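What follows is one structure encoded as structure tokens, with my remarks underneath.
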Amino acid sequence: MASLNIGFIGLGNMGAPMAANLAKAGHKVRGFDVAGTTAEGVEQAQTIPDAVTGADVVITMLPNGSILRQVAAEAIGHMREGAVFIDCSTVDVESARNTSEAAEKAGLLAVDAPVSGGVGGAEAGTLTFMAGGSEAAFAAAAPLFEIMGQKAVHCGDAGAGQSAKICNNMILGATMIATCEAFALADKLGLDRQRMFDVVSTSSGYSWSMNAYCPAPGVGPKSPADNGYKPGFAAELMVKDLGLSQQAAELVDADTPMGARALELYKAFVEEEDGKGKDFSAMLPRFAGRGRGN
Ligand code: NAD
């Protein structure tokens, strides 16, 4: 494809390698981050208008919905009509819809496109994108998703990407907890962890948490459990995503008791116990060290 002018806002753990991959693919990328961070092959802009003026595409990779709204409010007015605004951050569904609406009102194409795959996926260019927006907006963004990722699913209208992401991660949080508490029960029943894995990973209790990211050290494929529970996917990020799914559930009056309980457990783990800075699979030693009374 022809070389595009891309403005990239938010060059953090995820954004920096994503922007670097776009530059490596031959696009002209101007990046801006309030922290002054930069990325390989990316020209450093001093302000948001400086990063987005004249851009064909603007991509944001920011911490939360309120920052996205602020950044979008500043960026959109400086973008040329017909340009594409792609937000790849994980944010609340309302902020995603609000941002798309503001962009479309200004004559832009807009896509909410949160990712899964983590920092490793961002570096390797193997992220999965879950996208919401019009057909035209998705078609315009798709070639860039191909550079930064290995799969992009068009989930529906504005906000549908965020909806898919938080539903997926609500399942992930709940299944990781179920997997960890089952291992802790198996321990106390005297069951060997490897045998537990051999059975569950090929039986109806199997899941990504068990089969691909086993929380028991030395069992199953290599995972953060084999590296002292260094993230990986930090428990704090799971608290964020479970919080977003509960916020969305309230908005649309959905009954999500497992998601609510998973949020409570991860929140306590991070805020009151020793979960901060650990991978979200470190729920296993947490459960293993407890009894029914605590
Ligand atoms: P990060 O904190 O490393 O990066 C965010 C960047 O945004 C920071 O560098 C910060 O300085 C910058 N920023 C904040 N306010 C800004 C502003 N007003 N203008 C310009 N830049 C600003 O976070 P991250 O790990 O890169 O995650 C980014 C997003 O991706 C989050 O929404 C996160 O939930 C999501 N996500 C992260 C992972 C992961 O494994 N890290 C995985 C999937 C999704």
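The shown structure was predicted, so the numbers you read here are calculated from the model rather than taken from an experiment. Both counts, for ligands and for their atoms, begin at 1 and track the order of listing.
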Under 4.0 Å between heavy atoms, the region of V91 that gets near ligand 1 turns out to be neither
closest protein heavy atom to atom 4 (O) of ligand 1 is G12 CA, 3.3 Å
Distance-only, no hydrogens or angles: does the N21 side chain make a donor-acceptor pair with backbone N or O of M18 under 3.5 Å? no
Self-check item: Carboxylate-amine/guanidinium contact K276 E271, below 4.0 Å
Solution: no
S89 heavy atoms within 4.0 Å reach ligand 1 at atoms 32 (O)
The atoms of ligand 1 lying under 4.0 Å from a heavy atom of F32, numbered in the order shown, are 19 (N), 20 (C)
When distances are taken from atom 36 (N) of ligand 1, the protein heavy atom at minimum range is T90 OG1, 4.0 Å
> Counting only heavy atoms not in E94, do more than 12 fall under 6.0 Å of its CD?
Replying inline: no
**Prompt:** Just by distance, do the side chain of D274 and the backbone of F269 share a donor-acceptor pair under 3.5 Å?
**Reply:** no
Ranked by distance from atom 30 (O) of ligand 1, the top protein heavy atom is M61 CE, 3.1 Å
Counting heavy atoms under 4.0 Å, the part of D241 that contacts ligand 1 is neither
Check: Q246/T256 side-chain N/O donor and acceptor closer than 3.5 Å: yes
| Counting only heavy atoms on the protein side, is anything nearer than 4.0 Å to atom 2 (O) of ligand 1? | no
Per-atom filter on ligand 1: closer than 4.0 angstrom to a heavy atom of I9 are 20 (C)
Counting heavy atoms under 4.0 Å, the part of I67 that contacts ligand 1 is side chain
Closer than 4.0 angstrom: is that true for some heavy atom of P63 and an atom of ligand 1?
-> yes
Q: May I ask you to say whether R80 pairs ionically with D56, meaning some side-chain N is under 4.0 Å from a carboxylate O?
A: yes
closest protein heavy atom to atom 22 (C) of ligand 1 is V34 CG2, 3.3 Å
re atom 12 (C) of ligand 1, the protein heavy-atom contact at minimum distance is D33 OD2, 3.2 Å
- prompt: Angle class for the Y266/F280 ring planes (parallel below 30°, perpendicular above 60°, tilted otherwise)?
  reply: tilted
Across all chains, not counting sequence neighbours, the salt bridge (charged side-chain N to carboxylate O under 4.0 Å, His left out) partners of E264 are R261
Decide, yes or no, whether a salt bridge links D279 with K230 under the criterion of side-chain N to carboxylate O below 4.0 Å.
no
*asked:* Is a donor from one side chain sitting under 3.5 angstrom from an acceptor on the other, for D87 and T60?
replied: yes
among protein heavy atoms, the one nearest atom 23 (O) of ligand 1 is N13 N, 4.6 Å
Numbered in order shown, the ligand 1 atoms found under 4.0 Å of a heavy atom of A35 are 11 (O)
L237 heavy atoms within 4.0 Å reach ligand 1 at atoms 39 (C), 40 (O), 41 (N)
Note, I86 side chain near V58 side chain (heavy atom, < 4.5 Å):
no
Among non-hydrogen protein atoms, atom 31 (C) of ligand 1 lies closest to L62 O, 3.3 Å
Filtering K240, K165, E74 for the heavy atom nearest atom 34 (O) of ligand 1 leaves K240
protein heavy-atom neighbour closest to atom 18 (N) of ligand 1 works out as V71 CG2, 3.6 Å
* Between N98 and S95, do the side chains contain an N or O donor and an N or O acceptor separated by less than 3.5 Å? -> no
Heavy-atom proximity to atom 38 (C) of ligand 1 ranks first, among M14, M18, Q70, for M14
